[in-house]
Structures are given as C-alpha cells and as structure tokens.
Engineer: 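Input: one structure, supplied below.
The structure presented is a predicted model; accordingly, all values stated were derived computationally and were not measured. Count residues from 1 along the sequence.
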Amino acid sequence: RAEGLIVARCSVCHSPDLIAQQRLPKDRWEATVEKMMHWGAEITKDEAGLLVRYLAARYNPGAPDILPTIEMAYVKATFKGPK
C-alpha cells in the first residue's frame with residue numbers, strides 16, 4: 001500500500017528514483033512527509049504514518065545502495081522454505 005501511495009501521491013511532484021535515493025532516519029522521514037503535507041501533498045495522517053514506516057524501513061542510512069524490488073522483498077519476507 002505504501003508503494004501505491006508513493007506512486008499516486010508523491011510521484012506527482014517527485015520521481016520514485018529521487019525518493020529511493022534518500023537515506024534518512026525515521027525522524028527525518030517524519031519531518032519530510034509532514035513538510036510535504038504542509039505543501040499540499042494529498043495524504044491523510046494515517047497514510048503519512050504508513051509512508052514514514054515504509055520509507056524509514058526501506059530507505060534508511062543503513063540501507064544498501066541497491067535494494068531488491070518490493071516484489072522480491074515481499075517474497076523473501078513471506079517465504080518460509082520447504083516443509
């Protein structure tokens with residue numbers, strides 16, 4: 001859902017690549033999302049919280065330079081291996 005919000009709401013002004021290049025800690029993502037809301041980004045407080053959690057988890061200072069696609073991250077997170 002967070003990626004959908006980025007495409008639908010953030011990509012109106014920013015390319016997804018610009019967002020993905022950022023490596024910010026959670027407090028900076030919170031400030032950035034709040035600033036974007038102040039400047040007119042059409043997101044609710046709940047959506048803002050979701051975006052901050054997603055962005056801080058995926059695009060933090062310790063994140064690798066090359067990230068797996070969200071689809072690959074989902075598969076990795078949900079695959080439990082053979083039974």
Side-chain angles (χ1 to χ4, degrees):
R1 183 166 174 232
E3 278 213 347
L5 286 172
I6 290 170
V7 170
R9 312 281 172 73
C10 304
S11 295
V12 172
C13 297
H14 307 287
S15 73
D17 287 341
L18 176 68
I19 296 166
Q21 291 171 359
Q22 306 303 308
R23 295 295 190 266
L24 305 175
K26 185 176 182 184
D27 63 327
R28 295 273 315 279
W29 278 120
E30 288 170 341
T32 300
V33 170
E34 188 173 318
K35 178 175 61 175
M36 295 302 118
M37 290 174 69
H38 177 73
W39 287 352
E42 295 182 10
I43 55 177
T44 67
K45 287 283 187 188
D46 288 341
E47 291 170 335
L50 175 66
L51 283 172
V52 167
R53 287 189 305 276
Y54 173 81
L55 293 167
R58 187 153 170 90
Y59 305 114
N60 61 70
D65 289 337
I66 299 174
L67 295 166
T69 65
I70 192 63
E71 293 84 8
M72 290 304 296
Y74 176 76
V75 168
K76 184 177 178 183
T78 58
F79 181 71
K80 304 234 188 286
K83 294 187 178 194

Engineer: Atom OG of Ser15 and atom CD1 of Ile6: how far apart are they, to the nearest 0.5 Å?
Structural biologist: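 That separation rounds to 11.5 Å.
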Engineer: Show the nearest heavy-atom pair for residues Arg23 and Asn60, with the distance to one decimal.
Structural biologist: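 Closest heavy-atom pair between Arg23 and Asn60: CD-O, 3.0 Å.
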Engineer: Identify the two heavy atoms, one from Leu50 and one from Arg1, that lie closest to each other, and give their separation to 0.1 Å.
Structural biologist: CD2-CG, 3.7 Å
Engineer: Side-chain contact, heavy-atom cut-off 4.5 Å: Gln22 with Arg28?
Structural biologist: no
Engineer: State whether the number of non-hydrogen atoms from other residues, nucleotides or ligands found under 6.0 Å of Arg9 atom CZ is greater than 12.
Structural biologist: yes
Engineer: Provide the closest heavy-atom pair for Tyr54 versus Glu3 in the form atom of the first, atom of the second, distance.
Structural biologist: OH-OE2, 2.7 Å
Engineer: Which heavy atom of Glu42 sits nearest a heavy atom of Glu47, and at what distance?
Structural biologist: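 That closest heavy-atom pairing would be O-OE1, 4.2 Å.
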Engineer: Looking only at heavy atoms, what is the nearest atom pair of Pro61 and Pro25, with distance?
Structural biologist: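 Looks like CD-N, 3.6 Å.
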Engineer: Just how far is it from atom OH of Tyr59 to atom OG1 of Thr32, taken to the nearest 0.5 Å?
Structural biologist: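 So the OH of Tyr59 and the OG1 of Thr32 are separated by 14.5 Å.
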Engineer: What about Ile19 and Leu51, same hydrophobic cluster or not, with Ile/Leu/Val/Met/Phe/Trp/Tyr joined at side-chain heavy-atom distances under 4.5 Å?
Structural biologist: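 Linked, Ile19 and Leu51 end up in one cluster.
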Engineer: State, to 0.1 Å, how close Glu30 and Val52 come at their nearest heavy-atom pair, and which atoms those are.
Structural biologist: CG-CG1, 3.4 Å
